[in-house]
Asker: 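Sharing a structure here in structure tokens format.
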Protein chains: 2
Amino acid sequence: MCEQLTLRNSEMHKKKLQNSKSIPIDDPKPLYQQVKKHVMDHIQSREWEVHSRIPSEHELVAELSMSRMTIHRALRELTQEGVLKRIQGVGTFIAAPKQGATVLNIPNIKDYVTSRGSNYSCVVQFHQTDPLSAKDALTLGLKEGEDIYRTYIIHKENGIPVMLEDRFTLPDMLPDYINQDFTKILVDYFFASRCAFLNHDHQLSVQMSTQEIHHFMELDLPTPCLCLYRRTWSGNTLLSTARLLYPGQKFALTC
Amino acid sequence: MCEQLTLRNSEMHKKKLQNSKSIPIDDPKPLYQQVKKHVMDHIQSREWEVHSRIPSEHELVAELSMSRMTIHRALRELTQEGVLKRIQGVGTFIAAPKQGATVLNIPNIKDYVTSRGSNYSCVVQFHQTDPLSAKDALTLGLKEGEDIYRTYIIHKENGIPVMLEDRFTLPDMLPDYINQDFTKILVDYFFASRCAFLNHDHQLSVQMSTQEIHHFMELDLPTPCLCLYRRTWSGNTLLSTARLLYPGQKFALTC
DNA sequence: TAGTGGTCTAGACCACCCG
DNA sequence: GGGTGGTCTAGACCACTAG
């Protein structure tokens, strides 16, 4: 088996040499990618089991007749991808499969609406400087009564409200925030245009619609709502918090 | 500015040489990481703007007095991380910041419960072979009446139901699925132990609790529920679908 | 044709782990 | 001390893009 693979690889090497005479035959992939596939094949075929040790770089260099840097790059990338686990001075092992890490990718509201072939619009209900209430001050880690920007936007699909955005933004970092017209640019886009490396954290919950939600979302009946609480940071500095309310409808997918 | 950085880097080089005399002074990082930081600093300070071209590998080699492989590794990793965009024959550019891609990372239920310091347990209500109903057959892309494994589990935190798992699993791929004791092993862990490369897709929605949910989740009042519909694949082959119901409570965060 | 990024090599030094 | 992975170099050949 190993011998067979060695042969295959030396054949590939020949093809590469042929290819260098500018006679592209069948697009041989880079060697490091072949090594990655070689390792993946052994894992998928169960020949190399989870947690077991795979050949060292030195052994793969000998087996596949490549330089150590090429082998190393392949193994390093597989390690970055979570397939392998490497321990200096010990060896390279098959990593345990990731378990239970469930990732949801929620597109922004405008892309989501337009991707459904619908018309996107929004109405900015408030966009002003407010003194902080005691409750909000607690959440934001600020003092009661301090000034903060508050923005309240209803996002619509074909004119029908689909999402309520209730946002607090700290004035220190982005003083021109309050002058923006958020019917023209999404708040997230504005942040992305001003700050190079944003990060977010999120908290997901469900709640029944309140009177306030009924009013702005044009609802008649009590409706379960998905509530996404998002904080936006630039490095370790909090920029903004948002409560995003999606009244009871399927709204997100992928990955 | 550039000169200053070159100086800083040659100083680091000296430190590295000192360090090689086994006198670790202040843990100098690998050169390629210094290059990454060098680039990131220029981006964060706005010195290099979005979409603008940054110095070529050759220029960075001269500026920072490093080998091209080291420069190349730094720029390649930043490209993989989405910070840069490289075009062969043209140059290296600052990538546009990712916008609106909101990612939620939901831990598995057992880790979630235990991470809160609570006691995890579960009850398997059904675990049997069922003929497919017309509606479920449609969702799964199978024929009505075909046999399928159905598993119905109530997950509990300190004895109180917190999540309902209603799962259909195709019998072809994992014939010993039906013999598992899912009070001992999470279904996701079982899949991970049998299939090397799993992927999932998800759909999120909210719904009001039904009579069925009231009964199994020990609810008295109608409650909004978060419903996560998850499909599990091995390559392009569907393994299992699950409806995961979390009655109205905060349940997930991070990233 | 000159400059760019993509890949690959052969060799080197290092920190780390283990017997 | 011998084997492992982590890093780095100097040089090479290539495909690609643009003037």
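Model, not experiment: these values are computed from the prediction. Labels below follow one simple rule: chain letters A, B, ... track the order of the sequence lines, proteins then strands, and each chain is numbered from 1. Values reported hereafter were calculated over all heavy atoms of this structure, with side chains retained and with hydrogens, waters and symmetry mates removed.
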Asker: By ring-ring contact (aromatic ring centres under 6.0 Å, His included), which residues pair with B/Tyr149, not counting sequence neighbours?
Answerer: B/Tyr177
Asker: Pick out the pairs of N or O atoms, protein on one side and nucleotides 1-4 of chain D on the other, that lie under 3.5 Å.
Answerer:
unit_1	atom_1	unit_2	atom_2	d
D/dG3	N2	A/Gly89	O	3.2
D/dT4	OP1	A/Ser56	OG	3.4
D/dT4	O2	A/Gly89	N	3.0

Asker: Mind checking what makes side-chain hydrogen bond (donor to acceptor under 3.5 Å, both in side chains) contact with A/Tyr120, not counting sequence neighbours?
Answerer: A/His155
Asker: Looking only at side-chain atoms of B/Gln33, point me to the closest of D/dT7, C/dG6, D/dA10.
Answerer: D/dT7
Asker: Measure from the side-chain N and O atoms of A/Ser56 to the backbone N and O of A/Glu59, and report whether any donor-acceptor pair falls under 3.5 Å.
Answerer: yes
Asker: Rounded to whole angstrom units, what separation is found between the CD atom of B/Gln80 and the C1' atom of C/dG6?
Answerer: 13 Å
Asker: Would you jot down, in residue-number order, the residues of residues 70-78 of chain A having a non-hydrogen atom under 4.0 Å from DNA chain D?
Answerer: A/His72
Asker: Give the rounded distance in Å between these two atoms: CG of A/Leu60 and P of D/dG6.
Answerer: 13 Å
Asker: Dot-bracket for DNA chain D, please, read 5' to 3', with Watson-Crick or G-U wobble pairs under 3.5 Å on both distances, ( ) within the strand, [ ] crossing, | other strand, . unpaired.
Answerer: ||||||||||||||||||.
Asker: Tell me, please, which residues at least two apart from B/Arg194 pass side-chain hydrogen bond (donor to acceptor under 3.5 Å, both in side chains).
Answerer: B/Asp176
Asker: Given the side-chain rings of B/His127 and B/Phe182, with only the six-membered ring counted for Trp, is the space between their centroids under 6.0 Å?
Answerer: yes
Asker: Could you state the atom-to-atom distance from CZ of B/Arg68 to P of D/dG11 in whole Å?
Answerer: 14 Å
